[in-house]
Amino acid sequence: MDENTDSNYVRDSTVIDDTIYGLINEAFEMERKTNNPEYRNSIFKENMEYFVKTDDGSYSIKSREINHKVETLHTSTGAISESFEKFIKPLKLDYEKDIAILDICAGLGYNTSAAVDDFLKNSRGNASLQVDMLEISKPTLAAGLLVPSPIEAHDITKVAIEEELLKEGYASLRMENSKIPDNVDINLYIDDARRVIQNLEDDKYNAIFLDPFSQNMAPELVSLDFFNEFRRVIKENGIVATYTSSAPVRMAFIEADFYVSQGPIFGRFQGGTLASPTTINLTKSLPRNDEIRMALSDVGVPFRDPDLNLNSKEILDNRTEERHRARHNTKISSAVKTPIFLGQEMEDEPLKRRVERNLARMNIPGVLSDEAFYLIEPEEDWCEDYREDNNSRTRILEMMSRLDEIAGKKA
């Protein structure tokens, strides 16, 4: 990317409300000009309408309008609670050993703070914690300095954020008074995460937190090619944790040689996703119908970014085109969730006709045909427990292979 493209990408990638984004930039500009702490101190209390207190008392921040809707960066159930429930509890980290965590889309610093809190409470012996925080937006990181700290560890994270903003020339004053413990090392990268990750060490991280606002806002951060980099930098028994249950995201993990499982449910109707190079730390299979749709329909087509340099629109448009090419050729149409009706009696005749038209175009005579039962046969062994030889990944890959076999027989 050239300098202008970089600047546009940074702005397009920033999720926080445009007005508070501008106000934070202005306040820190005045701080640099005057070295007066009042500009930074006044932002939160004078602009409370942009900060949202969640149910556990921690603050989130409003997003800019996306698809005619304004949301917050965190669930209303609890911003800091979400960090613990979705990103810390599933990890099962061994705090007798050194731990390294990669926090992508670090935002206000809550996920890193939860990791620091958990480490300090549970570490043993001479173990150390390293967290590498990746965040492209300086105003978003700066907002993490403005909100009241929901836990003491957030004060530690604030010190690291402030130090990096000072290095970058965005802030001019040291106003954070906490001390980073000797056994904790927090590094910040204010840059495109795709560029940063290509320069990180192989086999380094015990855990990766993936917390972009949404796949439609940042498909570049959930692409198959980005996840290939995850596979390189994560330890063999490491875990990736993300809040999303999206089919293309889960399918990208599988194609990048990860096992995937259901993550914790917190503040949403569905659980998030955990991914790991091994089954050891995974416990809960994906829902049966999710596996079937991912394996057999075009909904499972992942986002692609081969050289890790496409913009969001290019990635979204390319996936749309790939889905169109796959539909009725290599994948069953995802319309009306067609694959989930395989092997099922259907009483709704109009729906059945639509489903069976879609199936016929893939050489599948009907929902109760031999071909239908053959495709979903791996799901007969579905169980919630995650097993080494029978899990979401193995079943999905087997169904995909069977569909390829049937599609290959088309005239």
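Predicted, not measured: the structure shown is a model, and the values here were computed from it.
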**Prompt:** Quick one: do the S223 and D305 side chains pair a donor with an acceptor below 3.5 Å?
**Reply:** no

**Heavy-atom closest pair, residues L286 and Q262** = CD2-N, 3.6 Å

**Message:** Between M251 and M400, does the side-chain contact (heavy atoms from CB on, under 4.5 Å) criterion hold? Intermediate values first, please.
**Reply:** CA-CA 11 Å; M251 201 68 232; M400 289 174 66; 3.4 Å; yes

**From CZ (R354) to CE (M346), nearest 0.5 Å** = 10.0 Å

**Item:** D56 and S81 side chains, donor-acceptor separation under 3.5 Å
**Value:** yes

**Fill in**
The reported gap from CD in E220 to CZ in F303 (rounded to nearest 0.5 angstrom) is 10.0 Å

**Message:** For a quick check under 3.5 Å, do T112 and D103 share a side-chain donor-acceptor pair by atom type?
**Reply:** yes

**Message:** Quick check against the 3.5 Å criterion: does S276 have a side-chain atom that pairs as donor or acceptor with the backbone of G238?
**Reply:** yes

**Prompt:** Between the side chains of T157 and S113, is a donor N or O closer than 3.5 angstrom to an acceptor N or O?
**Reply:** yes

**More than 12 heavy atoms of other groups within 6.0 Å of N126 CG** = no

**Prompt:** In terms of the angle between their ring planes, are F253 and F227 parallel, tilted or perpendicular, with boundaries placed at 30° and 60°?
**Reply:** parallel

**Message:** Using a 3.5 Å distance criterion without hydrogens, assess whether the side chain of N391 forms a donor-acceptor pair with backbone atoms of E388.
**Reply:** yes

**Non-hydrogen side-chain atoms of K92 and T283 separated by less than 4.5 Å** = yes

**Complete:** Interatomic distance, CG@D290 vs CZ@R250, rounded to 0.5 Å, equals 5.5 Å

**Asked** Is the CD atom of E345 crowded by more than 12 outside heavy atoms at less than 6.0 Å?
**Response** no

**Message:** Looking at E384 and K284, would you say the former's side chain and the latter's main chain have a donor-acceptor pair under 3.5 Å?
**Reply:** no

**Request:** Report the C-alpha distance between E152 and D117 in whole Å, list the side-chain angles of each, state the deciding distance to 0.1 Å, and finish with yes or no for side-chain contact (heavy atoms from CB on, under 4.5 Å).
**Result:** CA-CA 8 Å; E152 287 184 16; D117 178 88; over 6 Å; no

**Asked** Less than 4.0 Å between a side-chain N and a carboxylate O, is that true for E398 and R402?
**Response** yes

**Prompt:** Which atom pair, heavy atoms only, marks the closest approach of P339 to I332?
**Reply:** CG-CG2, 4.1 Å

**Request:** Starting from the C-alpha separation in whole Å, work towards a yes-or-no answer on salt bridge (charged side-chain N to carboxylate O under 4.0 Å, His left out) for D257 and R393.
**Result:** CA-CA 9 Å; D257 197 26; R393 174 185 168 83; 3.4 Å; yes

**Prompt:** What heavy-atom pair brings S333 and T338 nearest, and what distance separates the two atoms?
**Reply:** O-CB, 3.4 Å

**Message:** Is the shortest side-chain heavy-atom distance between Y59 and M48 below 4.5 Å?
**Reply:** yes

**D182 atom CG: more than 12 heavy-atom contacts under 6.0 Å** = no

**Step-by-step side-chain hydrogen bond (donor to acceptor under 3.5 Å, both in side chains) determination, N111 to S83** = CA-CA 5 Å; N111 293 339; S83 294; 2.6 Å; yes

**Message:** Quick one about Y374 and E405 (side-chain donor to acceptor, distance below 3.5 Å, no hydrogens or angles considered), yes or no?
**Reply:** yes

**Any donor-acceptor N or O pair under 3.5 Å, side chains Q215, S246** = yes

**Request:** For the residue pair E291 and S392, confirm or rule out a side-chain donor-acceptor distance under 3.5 Å.
**Result:** yes

**Request:** Apply the test side-chain contact (heavy atoms from CB on, under 4.5 Å) to residues N289 and K337: give CA-CA distance (whole Å), side-chain angles for both, the deciding distance (0.1 Å), then the verdict.
**Result:** CA-CA 9 Å; N289 282 344; K337 300 182 179 180; over 6 Å; no

**Asked** Judged by atom type as modelled, is there a donor-acceptor pair below 3.5 Å linking the side chain of D118 to the main-chain atoms of A114?
**Response** no

**Prompt:** Is there a donor-acceptor contact under 3.5 Å linking the side chains of S128 and N183?
**Reply:** no

**Asked** Is any side-chain heavy atom of Y110 less than 4.5 Å from a side-chain heavy atom of D211?
**Response** no

**Asked** Does CD belonging to E201 count more than 12 external heavy atoms closer than 6.0 Å?
**Response** no

**Prompt:** So, do C383 and N390 sit near enough that their side-chain heavy atoms are less than 4.5 Å apart?
**Reply:** yes

**Message:** Closer than 3.5 angstrom, by distance alone: can the side chain of S63 be matched with the main-chain N or O of E71 as a donor-acceptor pair?
**Reply:** yes

**Message:** Quick one: does any side-chain atom of Y243 pair with a main-chain N or O of P212 as donor and acceptor, under 3.5 Å?
**Reply:** yes

**Message:** Using modelled atom types and a 3.5 Å cut-off, is there a donor and acceptor pairing between side-chain atoms of D55 and backbone atoms of G78?
**Reply:** no

**Asked** What closest approach, in Å, do L359 and G366 show between heavy atoms, and which atom pair accounts for it?
**Response** CD1-C, 3.9 Å

**Message:** Around atom CD of E96, are there more than 12 heavy atoms from other residues, nucleotides or ligands closer than 6.0 Å?
**Reply:** no

**Message:** Please determine whether a side-chain nitrogen of the Lys or Arg among R323 and D298 lies less than 4.0 Å from a carboxylate oxygen of the Asp or Glu.
**Reply:** yes

**Heavy-atom pair with the smallest gap, counting every atom of E162 and L145** = N-CD2, 4.0 Å

**Prompt:** Any side-chain heavy atom of T394 sitting closer than 4.5 Å to one from D389?
**Reply:** no

**Request:** For residues K179 and V159, determine if any side-chain heavy atom of one lies less than 4.5 Å from a side-chain heavy atom of the other.
**Result:** no

**Message:** Tell me if a side-chain donor or acceptor on E379 pairs with a main-chain N or O of I376 at a distance below 3.5 Å.
**Reply:** no

**Prompt:** Would you say E236 has more than 12 foreign heavy atoms packed within less than 6.0 Å of its CD?
**Reply:** yes

**Fill in**
Closest heavy-atom pair, P148 versus F44, reported as atoms and distance to 0.1 Å, is CD-CZ, 3.5 Å

**Prompt:** Does S58 reach the main-chain N or O of I80 with its side chain, forming a donor-acceptor pair under 3.5 Å?
**Reply:** yes

**Fill in**
Separation between CD1 (I156) and NZ (K158), nearest 0.5 Å, reads 12.0 Å

**Asked** Atom CD1 in I406, atom CG in D370: separation rounded to 0.5 Å?
**Response** 10.0 Å

**Asked** Step by step, would you call I61 with D17 a side-chain contact (heavy atoms from CB on, under 4.5 Å)?
**Response** CA-CA 8 Å; I61 190 168; D17 176 272; over 6 Å; no

**Message:** I want to check something: taking the side chain as every heavy atom from C-beta on, are N358 and F341 in contact at a cut-off of under 4.5 Å?
**Reply:** no

**Prompt:** Under 3.5 Å, side chain of N281 to main-chain N/O of N237, donor-acceptor pair present?
**Reply:** yes

**Request:** Measure the shortest side-chain to side-chain distance between I151 and F84 over non-hydrogen atoms and say whether it is less than 4.5 angstrom.
**Result:** yes

**Asked** Quick one: CZ on F51 to CD1 on I20, what's the gap to the nearest 0.5 Å?
**Response** 4.5 Å

